[in-house]
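To keep things clear, I will list the structure first and then write my remarks on it.
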Amino acid sequence: MAQKFYVVWVGRETGVFTSWDKTKQLVDKYPKARYKSFKTREEAEAAFKSGANSVKKSASSHSKSAGQKKASSKALPATKHDLSDFDVNIYCDGACDPNPGKAGSGVAVYCNNELAELWYGLYNPNGTNNTAELNALYQALLLAQASLEKGKTVQILSDSQYSINCISVWAFSWKKKGWMRKEQGDIKNLEVIQASHELYIKLKDKMTLSHVKGHAGIEGNELADRMSVYAVDQKDTGFHRYTDPLNIDEILSMRAG
C-alpha cells in the first residue's frame, strides 16, 4: 500500500504526518478538527502552507494535486480570516531588518472574531528574524494561557514554521538529548525555545497552534507584523499593549516588515 501523508490544520498538534494512528490521536474528538490525506509529501506540505480553506474538509480521502489548486495570483490586502472556530485567536510575528539586525515582536489578539488587543516590543538591536519570531510566539503562549484559564477556546497563528517546529516538534528530541545536537552543534535561541516548549506542553491539549501564510494580506498576520516593526521603531525592550485606538486601516498603513 502506498504511503499517505496527513495534514492537520486544526487539532491537538498541527503539521504534516506520515502515520494515520498519530493523526487520529491529534484530531479524534477535537472540536472542529481539520485534516486531510495526500498522496505525496509535496502535496501535503503545499496544502499545509496554504491553510485549511484551500481544500475541502475531509477525514481521509485523497486530494487532487496541490499544484493543480493554485491560489489567486494576488491576495487582497488585509483579508480577514474566519475565526469563528475559537473564542480567542492570537496572531504573532517577528521582524528584523537587516537579518541579523534590529528586531522586534508583535501580537494581534482577536476575541469573538473581532480585533481586541495589539502588543509590541522585545526590541533587540542585534537580533535575528528567528529570535523575534520565537519571542512573539512565547508571548502568544502566555496570552493563550490567560485566556484558557478563563475557559476560552484558543488558537495561536504564526507564519514562522521554524518557530512552530522548534517548540512543538524538534524540542521533544532535543530535550531527550539534553538540549544538544551532537552533529549540528549548539541549538540557537535555546533559552526562549526551552521556555516556550515547557509552556506549550502545558497548553497543547487545550489549544491549537497553527501555521498561517505570511505577507499574504491576512489581517491578523499583517497587524502582528506592523506591531513587530513598531517595536523596532520605538526601540522598546519591554512587551506592551498598544494603547492607541485600534483603527485597522491606520495601523495597516504603518511600516511593514
Item to complete: Determine the interplanar angle of the W179 and W174 rings, folded into 0 to 90°, and report it as parallel if under 30°, tilted if 30 to 60°, perpendicular if over 60°.
Response: tilted
Fill in: Distance in Å, E219 CD paired with I248 CD1, rounded so as to fall on 0.5 Å steps
4.0 Å
Worksheet item: Are any of the side-chain heavy atoms of M207 and I156 separated by less than 4.5 Å?
Response: yes
Worksheet item: Residues in ring-ring contact (aromatic ring centres under 6.0 Å, His included) with Y242, at least two apart?
Response: Y230
Discussion item. I'd like to check D87 versus S147 (side-chain heavy atoms, cut-off strictly below 4.5 Å). Are they in contact?
Written reply: no
Item to complete: Tell me, with the steps shown, if L115 and Y91 meet side-chain contact (heavy atoms from CB on, under 4.5 Å).
Response: CA-CA 11 Å; L115 179 64; Y91 291 88; over 6 Å; no
Discussion item. To the closest 0.5 Å, what do you measure between NZ (K204) and CG (L26)?
Written reply: 8.5 Å
Worksheet item: Can you name the nearest heavy-atom pair linking I167 to F172, along with the distance?
Response: O-CE1, 4.4 Å
Worksheet item: What pairs of residues pass the salt bridge (charged side-chain N to carboxylate O under 4.0 Å, His left out) test when at least one of them lies in residues 134-147, not counting sequence neighbours?
Response: none
Worksheet item: Side chains of F239 and V107: does their closest heavy-atom pair fall under 4.5 Å?
Response: yes
Worksheet item: Can you list the residues that meet the side-chain contact (heavy atoms from CB on, under 4.5 Å) rule with K24, with sequence neighbours excluded?
Response: W20, D28
Item to complete: Could you tell me which residues satisfy side-chain contact (heavy atoms from CB on, under 4.5 Å) with A231, sequence neighbours excluded, listed by chain and number?
Response: Y120
Worksheet item: Quick one: are D159 and I218 in side-chain contact, heavy atoms under 4.5 Å?
Response: no
Discussion item. Considering only residues two or more places apart or on different chains, which pairs with a residue in residues 144-155 satisfy salt bridge (charged side-chain N to carboxylate O under 4.0 Å, His left out)?
Written reply: none
Discussion item. Quick check for you: to the nearest 0.5 Å, what is the distance between L122 atom CG and S228 atom OG?
Written reply: 11.0 Å
Worksheet item: How long is the gap from CG on D93 to NE2 on H215, to the nearest 0.5 Å?
Response: 6.5 Å
Discussion item. Can you give me the closest heavy-atom contact between R41 and T18, atom names plus distance?
Written reply: NH2-CG2, 3.6 Å
Discussion item. Suppose we screen for salt bridge (charged side-chain N to carboxylate O under 4.0 Å, His left out). Which residues come up paired with K22, at least two apart in sequence or across chains?
Written reply: E13
Response to the item:
Residue pairs passing the side chain to side chain donor-acceptor pair (under 3.5 Å) test with at least one member in residues 128-143, sequence neighbours excluded, are T128-T131, T131-N189
Worksheet item: Should C166 and L134 count as side-chain neighbours, where that means a heavy-atom distance under 4.5 Å?
Response: yes
Fill in: Which residues share a salt bridge (charged side-chain N to carboxylate O under 4.0 Å, His left out) with K202, sequence neighbours left out
none
Worksheet item: Closest approach of G127 and C96, non-hydrogen atoms and distance?
Response: O-SG, 3.5 Å
Worksheet item: So do the side chains of W119 and I90 get within less than 4.5 Å of each other, counting heavy atoms only?
Response: no
Worksheet item: If you take all heavy atoms of S196 and L141, which pair is closest and at what distance?
Response: O-CD1, 3.6 Å
Worksheet item: What salt bridge (charged side-chain N to carboxylate O under 4.0 Å, His left out) pairs are there with at least one residue in residues 115-124, not counting sequence neighbours?
Response: E117-R241
Item to complete: Using a 4.5 Å cut-off on heavy atoms from C-beta on, say whether the side chain of N221 contacts that of K213.
Response: no
Worksheet entry | From CZ (F17) to OG (S37), nearest 0.5 Å | 14.0 Å
Discussion item. Minimum heavy-atom separation for M254 and R226, please, with both atom names.
Written reply: O-NE, 3.3 Å
Worksheet entry | Residue pair C92 / A136: nearest heavy atoms and the distance that separates them | CB-O, 3.6 Å
Item to complete: Check the pair L203 / Q145 against side-chain contact (heavy atoms from CB on, under 4.5 Å), numbers first and verdict last.
Response: CA-CA 7 Å; L203 306 180; Q145 183 179 39; 3.9 Å; yes
Worksheet entry | By side-chain contact (heavy atoms from CB on, under 4.5 Å) - contacts of V232 (at least two apart) | K102, Y123, R255
Item to complete: Kindly write out the residues that satisfy salt bridge (charged side-chain N to carboxylate O under 4.0 Å, His left out) with E114, not counting sequence neighbours, or none if the list is empty.
Response: K80
Discussion item. Applying ring-ring contact (aromatic ring centres under 6.0 Å, His included), can you list everything that pairs with Y162, at least two apart in sequence or on another chain?
Written reply: none
Worksheet entry | Distance, nearest 0.5 Å, that separates CG of N247 from CG of D249 | 6.0 Å
Worksheet entry | Q155 and its side-chain hydrogen bond (donor to acceptor under 3.5 Å, both in side chains) partner, picked from D85, N89, T208 | N89
Worksheet item: Cluster question for you: counting only ILVMFWY and a side-chain heavy-atom cut-off of under 4.5 Å, with indirect links fine, are L246 and V229 together?
Response: no
Worksheet item: Does the side-chain contact (heavy atoms from CB on, under 4.5 Å) test come out yes or no for D244 and I251, once each step is laid out?
Response: CA-CA 10 Å; D244 287 356; I251 295 167; over 6 Å; no
Discussion item. Looking only at the side chains, is there a donor atom on one of S19 and D21 sitting less than 3.5 Å from an acceptor on the other?
Written reply: no
Worksheet entry | Shared hydrophobic cluster, F5 / V7 (ILVMFWY, side-chain heavy atoms < 4.5 Å) | yes
Worksheet item: Can you check whether Y110 and F86 have ring centres sitting under 6.0 Å from each other?
Response: no
Fill in: Lys/Arg N to Asp/Glu carboxylate O, E43 vs K36, below 4.0 Å
no
